[in-house]
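Report on the structure given below.
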2 protein chains.
Amino acid sequence: MIVKKDLPDCPVATTVGLIGNKWKLLILRDVLTGPKRFGELHRSLTGISQKVLTENLRSMEKDGLLKRTVFPEVPPRVEYMLSELGTSMRPIIHQLEEWGIGYKEIMTRTETPTIRTA
Amino acid sequence: MIVKKDLPDCPVATTVGLIGNKWKLLILRDVLTGPKRFGELHRSLTGISQKVLTENLRSMEKDGLLKRTVFPEVPPRVEYMLSELGTSMRPIIHQLEEWGIGYKEIMTRTETPTIRTA
DNA sequence: CAGCATCCGATTTGATACTG
DNA sequence: CAGTATCAAATCGGATGCTG
């Protein structure tokens, strides 16, 4: 058994392996603005099921991107926040945001203006 | 019927909607270095099936990220290259690459050296 | 070579019920 | 509230065979 974590040769593939999925990218986006509770994330990520959200959070926690804090209260409160490693992904999300802003501009300028048919 | 394309409010979600999947990100990575043939991509993206590769290429073509060129030769040759829009995604892939490089450095420095068990 | 069509099993997902 | 467990449904994915 070899202990050293085997990463892909390609750095892009390495990163994609950790966050190359729709939900993880959107979770990162949310948590970049501060710690979030489970319910907050669930409401923010429209369309995600509780199960899938849990799976993605667990995966990101395992990969060291998120830290999970359980507050011993009633009712229970759980917060997810970025680890240092997760925080270092900010430039990635920032680029996604910048691109999306530019794209929306192009779309609203290029496309035919809103027209109502019938 | 409203004509204007309905994009998510969040720019990050917009971008993620177009490339928020493992294979598309890796396809982008490959095509950033110049036009690629179908077979080249198929070999480069280890693990992808022909079917899934085709689906992703079609989707990216439809979204205006890729241009598909068929050369009328025998045997046929098809090349995929970035459109202008696709090219504008370079900074995103670049960030993924930068992050992956940094991550690999941390991993190889932090982790226990390669040890053989048993 | 670069596909498309089809079949079919594996994986993922959603809905629901239940718990500390 | 923030999960876990379970099961059916939907989607994905690989393999194969065929075509221009």
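Labels below follow one simple rule: chain letters A, B, ... track the order of the sequence lines, proteins then strands, and each chain is numbered from 1. Every heavy atom of this structure was used, including side-chain atoms; hydrogens, water molecules and symmetry mates were not.
- In summary, the side chains of B:Asn21 and A:Asn21 do not present any donor paired with an acceptor at a separation below 3.5 Å, with no hydrogens or angles considered.
- If you measure from atom NZ of A:Lys36 to atom C1' of D:dC1, you get 17 Å, rounded to the nearest angstrom.
- For the helix from C:dC1-D:dG20 to C:dG20-D:dC1, the axis fitted to the five pairs at one end and the axis fitted to the five pairs at the other end meet at an angle of 60° (nearest 10 degrees).
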- A:Met81 and A:Leu66: side-chain contact (heavy atoms from CB on, under 4.5 Å), yes or no, with the steps? CA-CA 6 Å; A:Met81 64 178 290; A:Leu66 294 182; over 6 Å; no
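- Classified by interplanar angle (parallel below 30°, tilted 30° to 60°, perpendicular above 60°), the ring pair A:Phe38/A:His42 is tilted.
- Side chain to side chain, B:Lys24 and B:Ser59 meet the donor-acceptor criterion of an N or O pair below 3.5 Å.
- The only member of A:Lys36, A:Glu40, A:Arg68 that meets side chain to side chain donor-acceptor pair (under 3.5 Å) when paired with A:Tyr80 is A:Arg68.
- Applying the 6.0 Å contact sphere to CD of A:Glu73 captures more than 12 heavy atoms from other residues, nucleotides or ligands.
- With a 4.5 Å cut-off on side-chain heavy atoms, B:Leu26 and A:Val12 count as touching.
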- Message: Between A:Leu65 and A:Met89, does the side-chain contact (heavy atoms from CB on, under 4.5 Å) criterion hold? Intermediate values first, please.
- Response: CA-CA 9 Å; A:Leu65 299 175; A:Met89 284 191 164; 4.0 Å; yes
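- A 4.0 Å heavy-atom criterion places the boundary nucleotides of DNA chain C facing chain A at C:dT13 to C:dG20, written 5' to 3'.
- Closest approach of A:Ala13 to B:Arg29, counting heavy atoms only: CB-NH1, 4.1 Å.
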- Query: Could you run down nucleotides 3-20 of chain D 5' to 3' and tag each one B, S or - for protein heavy-atom contact under 4.0 Å?
  - Reply: BB--B-----BB-----B
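- Considering only heavy atoms from C-beta on, A:Leu57 comes within 4.5 Å of A:Leu41 through its side chain.
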